[in-house]
*Asks:* 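First, the structure itself, so that you have it in front of you.
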Amino acid sequence: MHNNANSLVVLDFETSGLSPDNGDRAIEIGAVKINNGVIIDTFQSLMNPGFRINSFIENYTGINNRMLQSAPPCHEVMAEFADFIGSDNLLAHNASFDKKFLDAELNHIGQNYLGEFACSLLVSRRININAPNHQLSTLVNYKNLASEGSFHRALFDAQMTAKLWLCMLDDIENQIKHEYVPFELVKRIAKTPKKNIPTLLAKW
DNA sequence: TGCCAGGCCCTCTTTAGGGCCTT
């Protein structure tokens, strides 16, 4: 099995808190699969973490304990999600957050993934230099991306992250000589200091 | 009982501090 460079899975977790190291678990996963700039598949499921979530998380996400009670357990959902990911590369808004939960949840079931993570937050900070801030909802507004749904639900946030990503790829594409933006380049952008971005893009 | 995230990035920086972003 080898890495599929043309396919990208954009994912978003809702969780019981900020840190799996403190016992927090995923409570919802939403994801879309992008191929050649088109969304070709989606994945969404609540999952029961095995304990009650607090009222802050209920209010923040709109996901409540009654909904989670009837949801399948994390290990079932994550096994299906691992199949959905396959060998694709991965993308999330503030990827370090979703990566640590993906790693923790897959570790619980002894599974792994092959793809590399990209982060739309790190790219946005370098590309959308005039945005008021780089929260997902702000950027969706800033870029005038059509949106109908609720932020802080996994599938909607994944869909919005995907739209934002494609929009940023367009912006980058207009600044480089290549006809498309290779994954290698977005990884480079995310690691390059903001002031060096124009030089980096000019070289592509 | 008391504790409670962590990586990135800027700057009044590097012998550090604090805001941003994710739930």
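Chain A is the first sequence line, chain B the second, and so forth, proteins listed ahead of strands; every chain is numbered from 1. Because only heavy atoms are used, hydrogens play no part in the values below, and waters and symmetry mates are left out as well, while side chains stay in.
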*Asks:* Considering every strand and a 4.0 Å limit on heavy-atom distances, what is the contact class for F56(A): base, sugar-phosphate, or nothing?
*Replies:* base

*Asks:* To the nearest Å, give me how far apart CG (L91(A)) and C1' (dC21(B)) are.
*Replies:* 15 Å

*Asks:* What are the two closest heavy atoms between M168(A) and N128(A), and how far apart are they?
*Replies:* SD-ND2, 3.5 Å

*Asks:* Among dG6(B), dT23(B), dC21(B), which is the nearest nucleotide to the side chain of H93(A)?
*Replies:* dC21(B)

*Asks:* Under 4.0 Å, counting only non-hydrogen atoms across every strand here, what does D24(A) touch: a base, just sugar-phosphate, or nothing?
*Replies:* nothing

*Asks:* Between dG18(B) and dT13(B), how far apart are the two C1' atoms, rounded to whole Å?
*Replies:* 12 Å

*Asks:* Suppose you measure atom C1' in dA5(B) against the same atom in dT23(B); what distance do you get, rounded to whole Å?
*Replies:* 11 Å

*Asks:* For I53(A) and N65(A), which heavy atoms make the closest approach, and how far apart are they?
*Replies:* N-OD1, 2.8 Å

*Asks:* With side chains defined as the heavy atoms from C-beta onward, is the minimum distance between E28(A) and M47(A) less than 4.5 Å?
*Replies:* no

*Asks:* Select base, sugar-phosphate, or nothing to describe what K194(A) touches, counting heavy atoms under 4.0 Å on all strands.
*Replies:* sugar-phosphate

*Asks:* Expressed in angstrom and rounded to an integer, what is the separation of M160(A) atom CE from dT22(B) atom P?
*Replies:* 15 Å

*Asks:* Looking only at side-chain atoms of F97(A), point me to the closest of dA5(B), dT23(B), dC21(B).
*Replies:* dT23(B)

*Asks:* Would you kindly give the CZ-to-P distance between R25(A) and dA5(B), to the nearest whole Å?
*Replies:* 19 Å

*Asks:* To the nearest Å, how far apart are E14(A) CD and dT22(B) P?
*Replies:* 11 Å

*Asks:* Categorize L121(A) for me: base, sugar-phosphate, or nothing, with a 4.0 angstrom heavy-atom threshold over every strand shown.
*Replies:* sugar-phosphate

*Asks:* Using the P atom in both, what is the distance from dC3(B) to dG7(B), to the nearest Å?
*Replies:* 23 Å

*Asks:* L18(A) has an atom CG; how far is it from atom C1' of dA5(B), in whole Å?
*Replies:* 6 Å

*Asks:* What does D157(A) touch in the nucleic acid at a heavy-atom separation under 4.0 angstrom: a base, only the sugar-phosphate, or nothing?
*Replies:* sugar-phosphate

*Asks:* Taking the side chain of R125(A) as its heavy atoms from C-beta onward, which of dT22(B), dT23(B), dC9(B) lies nearest to it?
*Replies:* dC9(B)

*Asks:* Is it the case that more than 12 heavy atoms not belonging to Y180(A) sit under 6.0 Å from its OH atom?
*Replies:* no

*Asks:* Do the side-chain N or O atoms of H134(A) get closer than 4.0 angstrom to the phosphate oxygens (OP1, OP2) of dC20(B)?
*Replies:* no

*Asks:* Using a heavy-atom cut-off of under 4.0 Å over every strand shown, decide if D98(A) touches base, sugar-phosphate, or nothing.
*Replies:* nothing

*Asks:* At 4.0 Å (heavy atoms only), tell me whether S16(A) reaches a base, stays on the sugar-phosphate, or touches nothing.
*Replies:* nothing

*Asks:* Write down the distance separating the C1' atoms in dG17(B) and dC12(B), rounded off to the nearest Å.
*Replies:* 11 Å

*Asks:* On DNA chain B, nearest-nucleotide positions of N22(A) versus R126(A): which is more 5'?
*Replies:* N22(A)

*Asks:* Flag the pair F84(A) / K33(A) as yes when at least one side-chain heavy-atom distance between them is below 4.5 Å, and no otherwise.
*Replies:* yes

*Asks:* Indicate if M67(A) and F56(A) have the same hydrophobic cluster label, given that clusters are the connected sets of ILVMFWY residues with side-chain heavy-atom separations under 4.5 angstrom.
*Replies:* yes

*Asks:* Please state how far atom CG in L136(A) lies from atom P in dT23(B), giving the value in whole angstrom units.
*Replies:* 8 Å

*Asks:* Is any NZ, NE, NH1 or NH2 atom of the basic residue among D157(A) and R153(A) found under 4.0 Å from an Asp or Glu carboxylate oxygen of the other?
*Replies:* no

*Asks:* Could you measure between the two C1' atoms, the one in dC4(B) and the one in dC9(B), and give it in whole Å?
*Replies:* 24 Å

*Asks:* Could you check whether L122(A) gets within reach of a base, just the sugar-phosphate, or nothing at all, counting any heavy atom under 4.0 Å?
*Replies:* sugar-phosphate

*Asks:* Determine the interatomic distance between C1' on dG19(B) and the same-named atom on dT15(B); round to the nearest Å.
*Replies:* 22 Å

*Asks:* Between S19(A) and S137(A), who's closer to the 5' end of DNA chain B by nearest nucleotide?
*Replies:* S19(A)

*Asks:* Rounded to the nearest Å, what distance is computed from the CZ atom of residue F13(A) to the P atom of nucleotide dG6(B)?
*Replies:* 18 Å

*Asks:* Write down the distance between CD1 (I189(A)) and P (dC9(B)), rounded to a whole number of angstrom.
*Replies:* 13 Å

